[in-house]
Chemist: 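Got a structure here, written out as structure tokens. Questions coming.
In what follows, chains carry the letters A, B, and so on, assigned in the order in which the sequence lines appear, proteins first and then strands, with residues in each chain numbered from 1.
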Amino acid sequence: MTTLLTPVAATLPRARPALIAAWAVLGLLALAALWPDLLATAPPDAVDPASALAPIGPDHPFGADQLGRDVYSRVVHGARLSLLIGLGATTIAVSVGALLGVLAATAGRTADEVLMRITDVLLAFPGLLLALLVIAVLGPGPVNTTIALGLAAVPGYVRLSRGQALVVRESGYVRAAVVLGRSRAAIFFRHVLPNALPPVLVFATVDIGTALMASTSLSFLGLGPQPPTPEWGSMLAEGRDYLDSAWGLTVFPGLVVTVAVIACYVVGAHLRARFEGRTPGGR
Amino acid sequence: MISALRWLLRRLALAVLVVLGAATVAFAALHLAPGDPVRAVIGTLNPSQDLVDRVRVDLGLDQPLATQYGQLLGRLVTGDLGESYQLHRPVAEVIASEIGWTAQLAMASLVLALAPSVLLAVTTAGRRPALRRLSTVLELITASSPTFWIGTLLLAVFSFRLRLFPAAGGDGIEGLVLPAAAQAVGLIGIFTQVLRQSMERALDEPFALSARARGTGETALRLRHALRHALIPVVTLSGWITGALFSGAVVVETVFSRPGLGRTLVTAILGRDLPVVIGVVVVAAALFTLINLVVDLLYRVVDPRLREQAA
Amino acid sequence: MAGELVSVAGLHVEYRVGRTVVPAVRGVDLHLRPGECLAVVGESGSGKTAIAKALVGLTGPGSRVRADRLVVGGQDVNGLTDRGWRRVRGARVGLVLQDALTSLDPVRPVGAEIAEAVRNHRVVGRRAVAARVRQLLADAQVPQPELRARQYPHQLSGGLRQRALIAAAMAADPPVLVADEPTTALDVTVQARVLDLLAARKAEGTAVLLISHDLSVVARLADRVAVLHDGVVVETGDTAELLRAPTHPYTRRLLAATPTAHRRGARLAGPRTTPARVRSPRPTGVVAEVSGVSKVFRGPDRQPHRAVSDVSFTLSAGEILGVVGESGSGKSTLAHLLLGLLEPDSGRIGLFGRPWSGVPESRRRRGQVQWVQQDPLGSFDPRYRVSRLIEEAGADRARVHELLDQVGLDRTLADRHPATLSGGQRQRVAIARALAPSPEVIVCDEPVSALDVSVQAQILDLFTDIRADLGTAIVLISHDLGVVHHVADRVLVMRDGEVVESGEVTEVFAQPAHPYTRELIGALPRPQDAYAGQPEGVT
Amino acid sequence: MHNRSSLRHSPLCVALLVVGLTACGTDSGGGTASQPTTGGALTYATPVEPDCLDPAVSARDVTALVDRNIFDSLVQQKPDGSFQPWLAERWETAADGRSYTFHLRTGVRFHDGTPLDAGAVKATLDHAVDPATESRYAAGLIAGYQGTEVVDPHTAVVRLDRPNASFLQALSAPYLGIQSPRALQGDPAGRCDKPVGSGPYRFVKWEKKVGVELSRNPDYAWPPKDAGHTGPARLDSLKITFVPEDTVRVGALTSGQVQAVASVPPGRAKTLGGTVQVLRAESPGAPYTIYFNSAPGTVLADVRVRQALRRAVDLDQLVKAVYFGQYQRAWSPLTPATPFYDDATKGAFTFDQAEANRLLDEAGWTTRDGAGYRVRDGRRLTLRWPHTADMERDQRGLIGQGVQAQARQVGIEIQYTQVDQGTIGELIGKRALDLFDVSFTRPEPDILRYFFGTDSTLEKGGGNIFGLDIPGLDKLLTGGVSTLDQAERTRLYADAQRYVVDNAISLPVYVPTSLVGVTRDVHGIEFGAGAYPLFYDAWIAR
């Protein structure tokens with residue numbers, strides 16, 4: 001789950017309809033995250049014990065949970081946290097990872113050696129183990145989950161962005177710039193950074209899906225946001241006991257996670273393909 | 001030969017570094033964490049101060065941090081991982097009794113994932129667009145479904161409804177099938193994608209054209225030439241895979257109430273059972289380094305081009 | 001028709017690209033008898049490779065092959081199923097591709113590849129396979145066949161790999177061999193040996209279909225030549241005849257573009273089309289002085305390796321200095337030393353009498369020595385457009401246009417992205433950028449080796465023009481002796497990091513003193529011999 | 001209280017309390033109970049694993065469940081709260097209530113062959129209070145223990161430093177089950193893994209995270225007087241496996257992998273049916289209760305706020321929704337299954353948010369802030385309610401969320417936050433919390449003193465975590481534990497229960513109820529006083 005840099009290959013469906021659908025899903029999720037009340041039919045924490053476990057119907061499109069809260073509205077409201085955690089974790093991972101990685105590639109041998117050995121050590125942990133350790137220190141909760149997942153993914157990005165920076169540093173155009181007499185700083189900011197980062201960023205778009213999946217897993221384990229905050233993973237965990245009587249409690253949150261992750265993957269893979277198609281040697 | 005030895009020594013030194021680093025990270029992490037482990041050990045809300053003090057001394061938690069860290073390293077060197085606060089057993093023993101469960105699960109998941117992936121990749125790579133597209137969509141769905149959700153669905157369908165497999169308990173093969181499948185499903189999607197992609201790349205290479213021009217049949221080409229190339233990235237992914245298997249174990253062991261290292265770790269973290277957490281972290285890190293070492297060796301077997309590269 | 005091993009009439013090959021169908025080969029006829037070699041010559045995109053693939057039934061997915069007649073290896077293969085083709089491939093026709101490093105499976109021993117071909121057609125019994133593989137390698141003049149069979153492609157040199165590939169193609173004794181650019185990536189001396197091997201096959205009665213862009217290779221091996229242009233054979237005939245008296249304008253242009261000894265210094269691509277922008281005053285005298293320069297690298301095995309060893313020479317204004325040598329001879333390291341990208345371990349380099357090597361980066365007068373790389377696209381920041389690339393070298397907008405004029409590019413290209421330009425245009429952009437700081441020296445590292453003959457001709461002409469107009473000194477590094485001979489004034493011959501011979505081009509080529517130089521020149525295929533009497537009219 | 005899971009209870013083996021509520025007890029076979037048969041193995045799946053099988057050490061409920069099969073007690077508590085002989089044939093209480101003389105049964109042998117004698121009683125009790133044992137519960141049960149005098153091999157005199165009406169109940173719990181003195185002398189390190197008692201089953205092995213395996217003690221002939229049979233247990237072996245996931249545990253029962261499971265989720269109790277039936281037993285002791293920090297200076301010091309909070313929450317509906325009608329709503333600070341429970345507390349107040357609003361207005365919390373919460377003097381009406389996940393069971397998190405949501409409707413903000421065990425200890429130490437929730441299983445009304453006694457503060461090992469000092473209540477409770485007069489106790493405890501309810505000192509929520517699922521071929525399972533199943537009489541029909 002957590003081990004960043006999902007090896008999801010570029011063979012994802014790139015057909016137009018799939019892409020359009022994926023963007024539509026992301027758009028809907030973004031809408032749910034920004035203005036949940038536009039989509040939701042009830043406040044996510046409106047308890048109504050009288051309609052506990054109400055079946056799927058006009059009042060409750062996805063049914064109602066143990067406290068009579070509307071599952072559909074909770075799923076809608078859950079989007080904000082899940083997306084924020086996915087985005088936030090990836091942002092942390094990319095910014096810290098890229099900074100350290102590019103630094104390692106350009107700051108000289110000693111710094112590179114030290115940074116890379118530390119990275120090796122951290123890469124020797126399964127990502128989730130790192131995330132669990134961070135949560136053990138910081139305690140559960142959405143912000144801490146974000147930090148934990150982000151930090152757990154940092155070593156991978158250090159390595160990735162260092163590799164990218166090295167490739168760029170050895171490239172013909174950086175050498176050409178040396179021959180043209182550009183200063184080190186100019187070369188770094190005008191060539192190395194702008195060319196090394198985009199591939200890392202594109203990778204990261206796919207990783208948002210992975211981070212989202214990992215965060216729901218942590219919530220499922222009870223390490224995510226606190227109730228009554230709606231969150232897909234913990235909703236699924238709570239609903240599991242009612243699988244036979246009220247399957248909507250489990251099925252819908254799980255489905256939304258899968259659909260959201262698919263959308264992230266498809267869009268990310270598309271961006272990656274487009275990006276690679278545009279660079280020399282990418283094809 | 002010399003360079004191979006040098007390479008090995010370097011890797012072993014790195015392994016030691018990793019284990020020490022792991023122990024340090026875990027030690028620091030858990031001592032930074034808020035909350036008093038002594039109370040967690042005792043478990044009751046109103047222990048007498050007397051009891052708290054006794055337990056604190058017993059656990060050595062009254063010592064300065066530096067001393068505790070030194071003692072930890074000292075014990076590590078002798079292979080002693082300390083005693084669990086909550087289980088009241090040596091950590092080494094706890095890990096020894098749990099690791100088998102997790103290893104069993106990991107192996108089963110790997111086999112369950114690799115076999116269909118190879119089959120799918122070999123049959124669909126570069127062929128029949130419809131079949132390939134279908135397979136791609138399925139892979140995407142499985143790779144995007146969190147393990148806990150797959151596990152829950154498998155339980156609901158195969159155990160509760162169809163009663164084909166036991167829901168709990170780890171006895172024998174039957175108890176292993178569903179948990180392993182829950183982990184494998186997600187891996188199949190990723191494996192198949194990676195395998196097929198590199199297979200298609202290999203089939204596009206001039207050497208594939210050469211082989212075909214020699215009269216080599218399609219099946220032979222795929223099995224003899226392309227598959228081996230396809231396996232290389234899977235080997236490269238081994239670090240990711242082991243990580244995924246371990247992370248998956250944490251979830252799967254919880255969903256299926258299976259014993260194992262993953263569940264032990266989560267329980268220990270929640271219960272602030274420091275020795276167990278540090279022990280699991282250290283052992284996991286050591287294991288990972290070892291696996292990576294083996295994989296690097298394996299890598300050289302699969303890809304002869306790497307054999308000459310020293311260091 | 002009787003006795004013909006290859007008899008093709010009305011061959012069409014089409015590829016589907018997206019929704020459109022692109023014809024690659026349009027109605028080609030080919031005939032080949034035992035012991036005969038037919039060369040198909042053409043530039044990139046002419047459809048040569050599609051013909052080669054059509055002859056083994058491997059045009060690939062999305063392709064369509066039609067022919068009025070398609071006989072290969074004496075067997076009618078028109079409309080054959082893949083299963084049927086499998087019995088033909090290897091047994092009736094063998095295929096040799098260029099670049100054996102990627103044409104042999106990198107993770108399998110060489111012997112296994114050859115054995116595969118032997119087994120596919122049950123040439124010998126199972127027990128005899130190993131012996132057969134050994135024999136095939138020996139036949140292909142691979143020394144120590146036993147050892148080589150167990151080695152992996154990356155452990156063999158380029159020449160050995162190519163021979164092993166030929167051995168694999170010949171494993172089932174096919175009467176026809178299709179060789180697609182079999183010598184393209186090889187050094188000249190190795191190239192010569194591979195051509196000898198193919199010639200030996202031909203002498204034994206194998207019919208060889210040779211696909212090549214290189215007229216000199218063709219001249220050496222082929223009995224007949226078919227010139228392919230845009231998927232159509234525009235001219236075909238006896239090799240000597242065709243090279244001497246080409247009738248089709250395209251053939252003439254092609255021949256004219258090929259640098260040859262007796263037309264040394266002449267324009268290759270026709271009359272000058274770009275206006276002269278003469279610089280004055282013209283620089284004079286010695287521009288650069290290289291004395292006793294050495295550079296040592298440590299290999300992965302930590303053994304020191306002298307890439308450049310005690311090299312000395314001078315470079316005068318307005319001079320083109322050719323540096324020739326095979327791969328690994330130290331040419332590129334020398335270029336990097338001249339460019340100041342590397343510091344010499346010993347010796348020094350001076351520019352206009354002032355030290356150039358050993359100077360802190362900040363005090364280097366960058367811009368005086370410029371660079372044109374082999375792969376122009378790789379030397380451009382992928383995010384930049386043409387104008388920005390040249391502006392980065394210190395030019396303003398007006399200067400950019402001036403430079404584009406100078407290298408013969410339309411000004412409208414300034415806003416294009418290099419990835420959308422052709423190979424020749426890209427190299428012109430690279431040259432324009434190199435000219436921008438008004439350098440005294442331009443170091444060109446294999447500037448034309450990735451280009452088709454006709455494009456190469458234009459670039460070589462451009463170098464001549466630049467030298468004439470601006471008096472810039474040019475160091476031209478190339479593995480292609482023909483190119484160096486054509487445009488260079490003086491030449492350095494390098495081998496294993498050392499300069500083994502240097503001097504005026506005409507002298508060195510006419511009377512090579514060093515045995516290695518003799519070997520290099522001796523290995524040169526000499527198409528010029530065949531068409532020495534070519535009319536000058538095209539020039 | 002502690003207790004993580006409801007920790008402790010005490011056991012007694014009484015089939016009691018429960019009967020009458022539904023099917024239960026011996027004839028669980030639903031009428032088809034034929035002749036009991038001997039043999040077979042029964043597997044019982046429970047969500048929690050013991051931390052230690054030495055009953056004197058552990059504080060967990062599940063330890064009592066397991067150890068009850070391995071250890072016998074001196075006396076047994078009956079459903080009505082009175083006591084009957086077990087390992088002690090008879091006993092006398094001194095007039096001052098400070099010493100008990102036990103006359104032991106003869107012929108009893110521990111699993112290691114050691115005969116039962118007065119020395120074993122002394123060894124067991126001394127072991128429990130020995131600081132080295134680090135007892136987390138048993139020692140507290142017999143607080144005031146001064147020592148045991150071995151008069152002769154079959155007579156032991158136990159001395160206390162003050163009268164203790166709950167002493168016999170304490171002795172009847174498995175936590176003070178009599179242990180083999182020889183085993184107690186052995187290596188202290190392994191004691192958690194090697195319980196040696198005289199009970200109907202012998203300990204075989206404990207595979208951590210998997211289960212505990214017990215086998216029949218063929219020599220057993222000393223069950224308590226009203227047991228279903230005499231002689232050895234009927235099952236050849238008994239396995240207790242640990243399956244934390246509800247879904248999985250119930251699935252294991254319905255698919256026949258196990259014959260009995262603990263803690264059937266209430267939502268599934270009705271839908272199971274078929275080959276499975278559900279046995280119920282309400283726990284004695286304190287119900288699941290939200291305790292109020294009404295110490296001076298706190299928000300809840302104002303009784304109107306406490307009353308308002310009580311009225312803001314529709315507990316009838318909430319408990320019914322969360323527990324599917326399987327658990328009763330609680331009214332009194334004691335559960336109905338506890339001796340001296342007073343039924344008069346029922347219906348003491350109603351769900352009435354209008355009244356709650358009125359009370360809050362009256363208390364001065366009149367304005368509301370942007371989020372809709374009440375404010376007074378610039379301070380929001382906020383109640384801090386920390387809780388820990390590892391103590392959570394029975395979907396209590398849902399109750400918490402429900403209370404939180406409904407309190408919000410009257411403008412009370414409840415910060416229902418999950419923290420770890422160490423943190424909650426610290427918060428309690430600093431009294432930095434307003435609400436605290438827990439249940440406590442023990443068939444003894446003295447539990448009230450544990451929660452509310454002025455002397456029972458945390459520092460003194462009690463459960464009065466807020467350090468409340470309520471003299472009126474304290475007097476009633478001290479009186480109740482100091483007299484052995486049953487009528488007097490009845491009166492005192494009834495008054496005490498009413499006092500708590502009238503003054504809104506806590507909010508009792510629901511009565512924890514043990515829902516044990518068994519397959520239909522399992523018979524003879526009864527409930528101990530702690531509402532956990534007993535397996536001595538159990539048998540499997542073939």
Chemist: Measure the CG-CG distance between D:Leu427 and D:Leu433 for me, rounded to the nearest 0.5 Å.
Modeler: 6.5 Å
Chemist: What's the separation between atom OG1 in A:Thr90 and atom CG in A:Leu149, rounded to the nearest 0.5 Å?
Modeler: 8.5 Å
Chemist: Considering only heavy-atom distances, could you tabulate the donor-acceptor pairs under 3.5 Å between chain A and chain D?
Modeler:
| residue | atom | partner | partner atom | Å |
| --- | --- | --- | --- | --- |
| A:Asp45 | OD2 | D:Arg408 | NH1 | 3.3 |
| A:Arg69 | NH1 | D:Gln401 | OE1 | 2.4 |
| A:Arg69 | NH2 | D:Gln401 | OE1 | 2.9 |
| A:Gln226 | OE1 | D:Gln418 | N | 2.5 |
| A:Gln226 | NE2 | D:Gln418 | O | 2.9 |
| A:Arg240 | NH1 | D:Glu245 | OE1 | 3.4 |
| A:Arg240 | NH2 | D:Glu245 | OE1 | 2.2 |
| A:Asp241 | OD1 | D:Thr247 | OG1 | 3.3 |
| A:Tyr242 | OH | D:Gln395 | NE2 | 2.9 |
| A:Asp244 | OD2 | D:Arg268 | NE | 3.2 |
| A:Asp244 | OD2 | D:Arg268 | NH2 | 2.8 |

Chemist: Could you tell me which of A:Pro43, A:Ala50, A:Pro228, A:Ala52 has the largest number of non-hydrogen atom pairs under 4.5 Å with chain D?
Modeler: A:Pro228
Chemist: Is it the case that A:Tyr157 and A:Ser95 place a side-chain donor and acceptor less than 3.5 Å from each other?
Modeler: no
Chemist: Enter the distance from A:Ile135:CD1 to A:Leu218:CG here, rounded to the nearest 0.5 Å.
Modeler: 4.5 Å
Chemist: Taking only residues two or more places apart in sequence or in another chain, which ones pass salt bridge (Lys or Arg N to Asp or Glu O under 4.0 Å) with A:Arg159?
Modeler: A:Asp120
Chemist: What's the spacing between A:Leu87 CG and A:Leu212 CG if we round to 0.5 Å?
Modeler: 8.5 Å
